[in-house]
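One structure below.
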Amino acid sequence: MTNHSFALNELALPDSFHFPIDINGLDKQHLLDSLRSMVLIRAVERKLAAAKREGLIGGPVHLGVGQEAIAVGISRNLRATDRIFGAHRSHSHLLALGSDIRKLFAEILGKYTGHSKGMGGSMHLWDQSVGFLGSVPIVAGTVPLAVGAAMSARLSKSNDVAVAYLGDGACEEGIVQESFNLAAIQKDPVIFVVENNLFASHMHISLRQPRDSTARFAAANSIPFHVVDGNDVAAVYSASSRLIEAARQGHGPGFIEAITYRWYGHVDWREDIDVGVNRSQSDVEQWRSKDPVRRLKDALILSKCLTEEVYSGILHSANSLIEDAWLKALADPAPPSDSTLKHVYSS
Ligand SMILES: Cc1ncc(C[n+]2csc(CCOP(=O)(O)OP(=O)(O)O)c2C)c(N)n1
Ligand SMILES: [Mg+2]
């Protein structure tokens with residue numbers, strides 16, 4: 001396991017890890033697929049930022065632009081019968097599994113064709129066909145649900161795993177520690193993926209935690225862990241593949257801490273405000289140049305597996321897919337007024 005000091009050191013510095021990622025000996029087709037997926041997720045979130053700015057979206061959207069390598073690296077080890085859970089910033093978690101973009105847009109636009117029939121918005125996503133069992137805005141709320149889903153997989157001997165995506169801020173919720181403990185003692189096949197973007201809302205981790213790495217919580221519960229550069233899709237993929245395989249074999253939970261940064265403020269489209277007192281414009285600029293998409297693209301170009309022309313084609317097809325999905329979602333129907341109480345529980 002890496003990083004026993006539980007200090008992130010250069011992984012958390014804005015001016016390190018700018019270079020193309022190391023793809024030596026890796027399957028190039030696999031990496032090209034990862035690139036396509038990251039480009040698509042980026043383009044979806046850029047579209048959402050623009051639409052929010054134009055006032056076309058009613059509810060809040062929490063964007064993960066800059067963090068795409070994590071969900072893509074993890075998801076390439078998953079299958080549709082696995083059980084994936086997210087939280088308030090989960091567009092990438094859902095889309096990296098191959099979920100339908102139009103359905104995501106429809107939910108965010110409040111259309112009846114959306115995941116939660118247009119009544120949940122960006123933070124209530126769900127698509128069982130790809131294994132995504134849900135996201136909710138209650139920070140850490142889905143972490144114990146992932147442990148429950150893993151327990152069910154273990155009891156039914158299915159070899160499936162659960163994945164709980166959570167933030168560095170979510171680790172400050174007590175239920176997360178209880179979930180780690182329970183998963184460890186029961187040897188449940190669950191992978192906890194901490195997207196450590198150094199911020200919880202507007203507060204930097206140095207103002208909230210005595211150490212900037214959250215992996216010590218895994219160590220405290222004897223859960224095997226890896227701390228990785230979250231802007232390196234190959235690093236995320238290989239670290240998670242070992243833990244996921246071990247979980248499938250019955251060795252219990254695993255923990256990945258992926259260090260990254262979100263380019264936008266905590267919520268919605270603004271980059272210039274809502275970013276916290278310690279997040280200077282120069283930090284944001286430097287983190288933007290640690291772009292996970294650019295670092296993979298450059299590595300593929302250097303190794304002659306990609307040309308600028310082919311890359312332009314990838315961008316172009318992502319954008320046309322998205323425009324098409326957006327127009328269809330815009331034309332989708334709103335929920336009928338008599339449906340508002342149909343899909344809620346009451347006692
Ligand atoms: C139980 C709970 N407490 C507080 C909030 C308000 N809140 C929403 S997101 C957030 C910060 C979460 O930070 P982190 O887990 O690091 O995720 P990130 O936003 O960085 O992706 C907070 C405090 C909430 N939604 N739920
Ligand atoms: Mg965070």
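Remember, it's 1-based here, ligands and their atoms both numbered in the order they're listed. In what follows, residues are counted from 1 in the order of the sequence shown.
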For this session: Using side-chain hydrogen bond (donor to acceptor under 3.5 Å, both in side chains) as the criterion, point out the one residue from H91, E107, K52 that pairs with S122.
Result: H91
Exercise. Does the protein put a heavy atom less than 4.0 Å from atom 22 (C) of ligand 1?
Worked result: yes
Seminar exercise, completed: min-distance protein heavy atom vs atom 16 (O) of ligand 1 -> G169 N, 2.8 Å
Seminar exercise, completed: Note: H266, heavy atoms under 4.0 Å from ligand 1, region reported as side chain
Exercise. What atoms in ligand 1 come closer than 4.0 Å to a heavy atom of N197?
Worked result: 18 (P), 20 (O), 21 (O)
For this session: Only heavy atoms count here, so choose which of V139, I205, D168 is nearest to atom 5 (C) of ligand 1.
Result: V139
Exercise. What do you reckon, does Q67 put a non-hydrogen atom under 4.0 Å from ligand 1?
Worked result: no
Exercise. Do the ring centers of Y237 and H30 come within less than 6.0 Å of each other?
Worked result: yes
For this session: List every atom of ligand 1 that sits less than 4.0 Å from any heavy atom of S201, numbering the atoms from 1 in the order shown and giving each element.
Result: 10 (C), 11 (C), 22 (C), 23 (C)
Exercise. So, do H226 and L243 sit near enough that their side-chain heavy atoms are less than 4.5 Å apart?
Worked result: yes
For this session: Tell me, please, whether F17 has K290 positioned over its six-membered ring: NZ or CZ under 6.0 Å from the ring centre and within 45 degrees of its axis?
Result: no
Exercise. Would D168 count as a contact for the Mg ion (ligand 2), in the sense that one of its N, O or S atoms lies under 2.8 Å from it?
Worked result: yes
Seminar exercise, completed: A student checking ligand 1 against G167 at a 4.0 Å heavy-atom cut-off should list atoms 14 (P), 15 (O), 16 (O), 17 (O)
Problem set entry | Shortest protein contact, atom 1 (C) of ligand 1 (heavy atom only) | E173 OE2, 3.6 Å
Problem set entry | Carboxylate-amine/guanidinium proximity below 4.0 Å for K328 and D332 | no
For this session: Please determine if R262 forms a cation-pi arrangement with W287, meaning its NZ or CZ atom is less than 6.0 Å from the six-membered ring centre and no more than 45° off the ring axis.
Result: no
Exercise. Can the ring centroids of H62 and H266 be said to lie less than 6.0 angstrom from one another?
Worked result: yes
For this session: Answer yes or no on whether R270 is positioned over the face of Y264, meaning its NZ or CZ is under 6.0 Å from the six-membered ring centre and within 45° of the axis.
Result: no
Problem set entry | Beyond-backbone contact of S213 with N196, side-chain heavy atoms, under 4.5 angstrom | no
Exercise. Which ligand 1 atoms does A170 reach within 4.0 Å, using its non-hydrogen atoms?
Worked result: 15 (O)
Problem set entry | Contacting atoms of ligand 1, where contact means under 4.0 angstrom from a heavy atom of R89 | 18 (P), 19 (O), 21 (O)
For this session: Give, rounded to 10 degrees, the angle between OD1 (N197) and O (F199) as seen from the Mg ion (ligand 2).
Result: 90°
Exercise. Do F180 and F192 make the cut of ring centroids closer than 6.0 angstrom?
Worked result: yes
Problem set entry | Backbone or side-chain N or O of H88 under 3.5 Å from ligand 1 N or O | yes
For this session: Specify whether an N/O/S atom of A200 falls short of 2.8 Å from the Mg ion (ligand 2).
Result: no
Exercise. Does an N or O anywhere in P137 fall below 3.5 Å from an N or O of ligand 1?
Worked result: yes
